[in-house]
**Student:** 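Provided herewith is a single structure, encoded as structure tokens, for subsequent inquiry.
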Amino acid sequence: MAEAVAAVTPADVAPFAADGNALRVPEGTDLVEWYFEQGWTDGLPVVPPTGERIAACIKALGGEPELLECRVPPRYGGLTREVLAINMVMAGCKPEYAPVVRAATLALTSPAFNLNGVQATTHMAAPLLVVNGPVARAIGMNGGVNAFGSGNRANATIGRAIRLVLLNVGGGTPGDLDKSTLGHPGKYTYCVAENEADSPLAPYHVEKGFTADDSTVFVIAAEPPHSVTNHVADDPEGILDSICSAMSTIAHNNAVSSGHCAVVLGPEHARTIAGKGWTRHDIRSYLHLNSGNLFRKLAFEHRYGKVYNRNLPRWYKRDLDARIPIVPSPDHIHLFVIGGTAGRFSAFIPGWGHMSSPVLRGIEGGGPSGPVCVDGTCYL
Amino acid sequence: MSHQTVFDPRGRVDAVRRPLARRAATLAGLRLGVLDNTKWNANRLLRKTAALLEAEHGIAAVSYYRKQSFSKPADPALIAEIAGANDIVLTAIGD
């Protein structure tokens with residue numbers, strides 16, 4: 001089920017089937033300014049789409065420009081392949097990014113993700129995309145040095161295309177249907193690959209039952225990454241205790257609303273941990289067991305009135321000295337190895353809460369097909 | 001005048017307009033359904049408001065319902081149940 005990302009040359013481009021999405025403006029109009037005036041940007045200049053570029057993206061999406069891929073809440077605009085292609089071009093995508101962008105839009109509009117809530121919430125969550133498998137290498141994505149930062153076209157423009165779809169098709173305009181109090185920088189683009197080449201662990205998607213030759217996109221509604229520094233520990237426990245420290249505050253949304261989170265191990269930390277024989281399951285279990293808050297902290301000792309907190313699972317004890325986990329189980333911690341090979345840093349990425357479930361989707365649409373147990377991660 | 005082509009990136013919205021229910025002329029004798037969205041303070045806000053309506057406006061009966069999640073639409077079966085058993089509905093965010 002390896003992906004097939006064919007290079008699209010101008011000779012391949014079929015005649016452009018423009019429909020009601022095509023408009024005319026006087027020759028000489030400054031198109032960058034024109035798109036700003038329509039409100040069809042993320043605040044940065046867009047690439048003014050041409051029929052030829054749109055047609056190339058439609059072809060890479062599989063043709064059929066009128067095919068409705070999904071509707072994007074809260075506006076519920078229809079995302080046809082043509083509309084997706086228009087937004088891809090505006091974001092600066094190459095046509096060969098199309099399978100990743102398309103799979104991401106389908107993952108985001110899966111009911112489990114609750115995109116309607118993610119778009120509209122006052123919380124700062126933004127969809128984070130993590131790409132695994134050969135497609136990430138084929139299109140030159142960055143899972144290495146400065147992966148969450150700037151400088152890589154595929155990371156930047158795939159994430160930006162998703163944001164433009166959320167804005168233009170989904171209507172997630174700040175202050176209108178996007179009510180986020182603060183937002184976060186990932187609302188421009190928030191897209192990385194896992195650093196499979198430098199990881200001592202099985203890739204994330206293999207842990208979840210895909211084969212290493214499959215390509216996948218993972219989406220989670222997430223806060224920004226919180227850096228975890230540890231230049232001291234030479235064992236798994238010490239490094240993971242630092243991550244547990246980042247997890248164990250009452251400030252982020254997981255602490256008060258449960259749900260899923262992501263943990264990113266930098267390659268140096270990952271090698272130290274894996275060098276002691278620890279598997280993904282060991283790591284996630286340690287993090288789950290050794291992070292959390294006492295209920296008295298979450299309840300503020302009841303000094304503002306008796307607190308129960310309906311957003312936490314009802315099977316948690318509400319005794320003041322009960323330990324409240326950050327997420328309900330080790331399976332709610334999504335573990336990735338990302339980053340450059342120098343530097344003893346990792347990151348904790350809180351999620352939005354129980355209101356949204358992450359979605360892992362095969363780029364070519366398939367589901368898990370790999371071995372049942374890999375790397376000791378499947379409860380051997 | 002010559003032209004250049006631009007492209008609308010928004011996609012079409014296919015929506016059906018539905019009329020709002022007619023406003024009740026009086027609350028006396030009506031059955032009130034309360035839909036709690038499960039937000040932090042919704043319970044407190046809604047129960048106090050329902051009690052006031054009952055005490056001061058002659059509401060005949062109050063039924064209390066809870067959404068599965070405050071950030072997701074109510075289950076259609078729950079909405080049908082509320083519509084079938086009540087004359088008016090009270091809901092609020094209560095963040």
Side-chain angles (χ1 to χ4, degrees), chain A residues 16 18-29 31 34-35 38 40-41 46 48-51 54 68 71-72 75-80 82-87 89-90 111 114 116-118 120-123 164-165 167-171 256 305 307-311 352-356, chain B residues 1-20 32-52 62-83 89-95:
Chain A
F16 176 57
D19 67 356
N21 300 313
L23 309 165
R24 294 200 310 171
V25 296
E27 189 73 42
T29 300
L31 293 183
W34 188 85
Y35 281 94
Q38 310 315 306
W40 296 343
T41 86
V46 297
T50 63
I54 294 167
L68 182 68
R71 293 189 186 279
V72 186
R75 177 174 169 265
Y76 290 95
L79 187 74
T80 62
E82 182 174 296
V83 170
L84 180 53
I86 292 168
N87 282 282
V89 174
M90 290 169 70
N114 185 19
N116 188 52
V118 175
T121 178
T122 48
H123 183 237
L164 288 177
V165 166
L167 286 165
N168 293 329
V169 189
V256 296
V307 170
Y308 175 80
N309 192 339
R310 294 189 286 182
N311 289 303
W352 180 35
H354 65 84
M355 304 78 76
S356 172
Chain B
M1 190 181 205
S2 57
H3 292 82
Q4 52 189 333
T5 306
V6 292
F7 298 90
D8 187 335
R10 294 175 298 173
R12 200 174 63 229
V13 175
D14 297 313
V16 180
R17 272 194 190 281
R18 292 186 184 174
L20 292 173
L32 173 68
V34 180
L35 178 59
D36 176 355
N37 71 353
T38 70
K39 271 266 183 184
W40 302 99
N41 297 305
N43 187 19
R44 200 176 304 180
L45 176 67
L46 289 167
R47 287 196 186 279
K48 284 183 179 172
T49 308
L52 280 174
V62 178
S63 302
Y64 204 85
Y65 306 89
R66 286 182 52 170
K67 271 173 64 170
Q68 199 79 21
S69 165
F70 58 74
S71 76
K72 296 175 188 170
D75 183 344
L78 177 63
I79 292 176
E81 184 188 342
I82 295 171
V89 175
L90 173 69
T91 192
I93 287 179
D95 214 346

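Per chain, numbering begins at 1; letters A, B, ... match sequence-line order. Both backbone and side-chain heavy atoms feed into the values below; hydrogens, waters and symmetry mates do not.
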**Student:** Would the number of heavy atoms belonging to other residues, nucleotides or ligands and lying under 6.0 Å from CD of B:Gln68 be above 12?
**Tutor:** no
**Student:** Does the side chain of B:Leu90 reach to within under 4.5 Å of the side chain of B:Leu35, using non-hydrogen atoms?
**Tutor:** no
**Student:** Of the backbone (N, CA, C, O) and the side chain (C-beta and beyond), which part of A:Pro26 lies under 4.5 Å from a heavy atom of chain B, both, or neither?
**Tutor:** both
**Student:** Is the shortest side-chain N to carboxylate O distance from A:Arg310 to B:Asp36 below 4.0 Å?
**Tutor:** yes
**Student:** With sequence neighbours excluded, tell me which residues meet side chain to side chain donor-acceptor pair (under 3.5 Å) with A:Tyr76.
**Tutor:** none
**Student:** Please enumerate all residues that pass side chain to side chain contact (heavy atoms under 4.5 Å, CB included) together with A:Val256, with sequence neighbours excluded.
**Tutor:** A:Leu298, A:Asn309, B:Trp40
**Student:** For the CD1 atom on B:Ile93, are there more than 12 heavy atoms of other groups (residues, nucleotides or ligands in this structure) within a distance under 6.0 Å?
**Tutor:** no
**Student:** If we define contacts as heavy-atom pairs under 4.5 Å, which of A:Asn114, A:Thr121, A:Leu68 has the most with chain B?
**Tutor:** A:Asn114
**Student:** Looking at A:Arg71, A:His354, A:Arg75, which has the largest count of heavy-atom pairs under 4.5 Å with chain B?
**Tutor:** A:Arg75
**Student:** For A:Leu79, is it the side chain, the backbone, both or neither that has a heavy atom under 4.5 Å from a heavy atom of chain B?
**Tutor:** neither
**Student:** State, with a plain yes or no, whether a side-chain heavy atom of B:Thr5 is found less than 4.5 Å away from one of A:Leu23.
**Tutor:** no
**Student:** Could you tell me which portion of A:Met90 (side chain, backbone, both or neither) has an atom closer than 4.5 angstrom to a non-hydrogen atom of chain B?
**Tutor:** side chain
**Student:** Pull out the residues in residues 70-81 of chain B that come under 4.5 Å of chain A, heavy atom to heavy atom, sorted by number.
**Tutor:** B:Phe70, B:Ser71, B:Lys72
**Student:** Taking C-beta and beyond as the side chain, do A:Trp34 and A:Trp40 meet within less than 4.5 Å on heavy atoms?
**Tutor:** yes
**Student:** Which residues satisfy the side chain to side chain contact (heavy atoms under 4.5 Å, CB included) test with B:Arg47, sequence neighbours excluded?
**Tutor:** B:Asn43, B:Tyr64
**Student:** Find the one option among A:Gly28, A:Gly353, A:Gly78 whose heavy-atom pairs under 4.5 Å with chain B are most numerous.
**Tutor:** A:Gly78
**Student:** Identify which part of A:Tyr308 has an atom lying under 4.5 Å from any heavy atom of chain B, answering side chain, backbone, both or neither.
**Tutor:** neither
